[in-house]
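Report on the structure given below.
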Amino acid sequence: MDTAKPKTVDEYIALASPNVKEHLERMRVAVLQTAPESLECISYEMPAYKQNGIIVYFGGFNKHVSLFPGPGAIAAFKDELTEYKTSGGTIRFPADKRLPVTLIKKIVKYRLKENLAKAKSKKKS
């Protein structure tokens, strides 16, 4: 990433390394197709998507892109994530491999359900 601080997701992607831009665009489309009512913003200097709380963040690096869905999603999809590096709430997708768009969409759907359940439980208390 460049030292300039992006204010929009378009700026973030424009500042990304050329080898990860396409992955970032695909990740953005996958998130927006799955969570069309989400609010797209920059948080912690990364693209973030909110609906009843943060759904996911994502980021571009020199040799990979990362999706930050949180540790619950990593645990829920551990069997499908075996070929990717994961830690805490982060999944790394190598820049030189095809982005698993279907898997990303499943993770986003899972996060939407998680956030909705949290929002409903807060209303009850």
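Note that the structure is predicted; figures quoted are calculated from it, not measured.
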Legend entry - Phe68 CZ to Met46 CE distance, which is reported to the nearest 0.5 Å: 4.5 Å

Inset, instruction - With side-chain contact (heavy atoms from CB on, under 4.5 Å) as the test, would you mind laying out the steps for Val65 and Phe58 before giving the verdict? - result: CA-CA 7 Å; Val65 293; Phe58 66 75; over 6 Å; no

Legend entry - N/O donor-acceptor pair under 3.5 Å between Lys21 side chain and Ala14 backbone: yes

Legend entry - Close side-chain approach of Glu40 to Tyr49, heavy-atom, < 4.5 Å: yes

Inset, instruction - Take Phe77 and Ile91 through the side-chain contact (heavy atoms from CB on, under 4.5 Å) test and state the conclusion after the steps. - result: CA-CA 11 Å; Phe77 290 91; Ile91 308 163; over 6 Å; no

Inset, instruction - Compare all side-chain heavy atoms of Asn52 with those of Lys118 and state whether any distance is below 4.5 angstrom. - result: no

Legend entry - Arg26, CZ atom: more than 12 neighbouring heavy atoms under 6.0 Å: no

Inset, instruction - Taking the side chain as every heavy atom from C-beta outward, state whether Ile42 and Val9 have any pair of such atoms under 4.5 Å apart. - result: yes

Legend entry - Gap between atom CG of Leu99 and atom CG of Leu24 - 0.5 Å precision: 9.0 Å

Inset, instruction - Kindly indicate whether the side chain of Phe61, heavy atoms from C-beta on, has any atom under 4.5 Å from the side chain of Arg92. - result: no

Legend entry - Smallest separation among heavy atoms of Gly60 and Tyr12, with atom names: N-OH, 2.8 Å

Inset, instruction - Please round to the nearest 0.5 Å and tell me the distance separating atom NZ of Lys63 and atom CG of Asp96. - result: 9.5 Å

Inset, instruction - Any chance you could lay out the side-chain contact (heavy atoms from CB on, under 4.5 Å) test for Leu81 and Leu103, step after step, and finish with the verdict? - result: CA-CA 9 Å; Leu81 294 170; Leu103 177 58; 3.7 Å; yes

Legend entry - Thr8 side chain to Glu11 backbone, donor-acceptor under 3.5 Å: yes

Legend entry - Polar side-chain atom of Asn19 near backbone of Asn62 as donor-acceptor pair, under 3.5 Å: yes

Inset, instruction - Could you list the residues that satisfy side chain to side chain donor-acceptor pair (under 3.5 Å) with Lys7, not counting sequence neighbours? - result: none

Distance-only criterion, 3.5 Å: show the donor-acceptor pairs between side-chain atoms of residues 104-113 and protein atoms not counting sequence neighbours.
{"from": "Lys105", "atom 1": "NZ", "to": "Gln33", "atom 2": "OE1", "distance (Å)": "2.6"}
{"from": "Lys106", "atom 1": "NZ", "to": "Glu80", "atom 2": "OE1", "distance (Å)": "2.7"}
{"from": "Lys106", "atom 1": "NZ", "to": "Glu80", "atom 2": "OE2", "distance (Å)": "3.4"}
{"from": "Tyr110", "atom 1": "OH", "to": "Glu114", "atom 2": "OE2", "distance (Å)": "3.3"}
{"from": "Arg111", "atom 1": "NE", "to": "Ile55", "atom 2": "O", "distance (Å)": "2.9"}
{"from": "Arg111", "atom 1": "NE", "to": "Pro69", "atom 2": "O", "distance (Å)": "3.0"}
{"from": "Arg111", "atom 1": "NH1", "to": "Glu114", "atom 2": "OE1", "distance (Å)": "2.3"}
{"from": "Arg111", "atom 1": "NH1", "to": "Asn115", "atom 2": "OD1", "distance (Å)": "3.4"}
{"from": "Arg111", "atom 1": "NH2", "to": "Ile54", "atom 2": "O", "distance (Å)": "2.6"}
{"from": "Arg111", "atom 1": "NH2", "to": "Asn115", "atom 2": "OD1", "distance (Å)": "3.2"}

Inset, instruction - Could you tell me whether the side chain of His23 and the main chain of Lys97 form a donor-acceptor pair under 3.5 Å? - result: yes

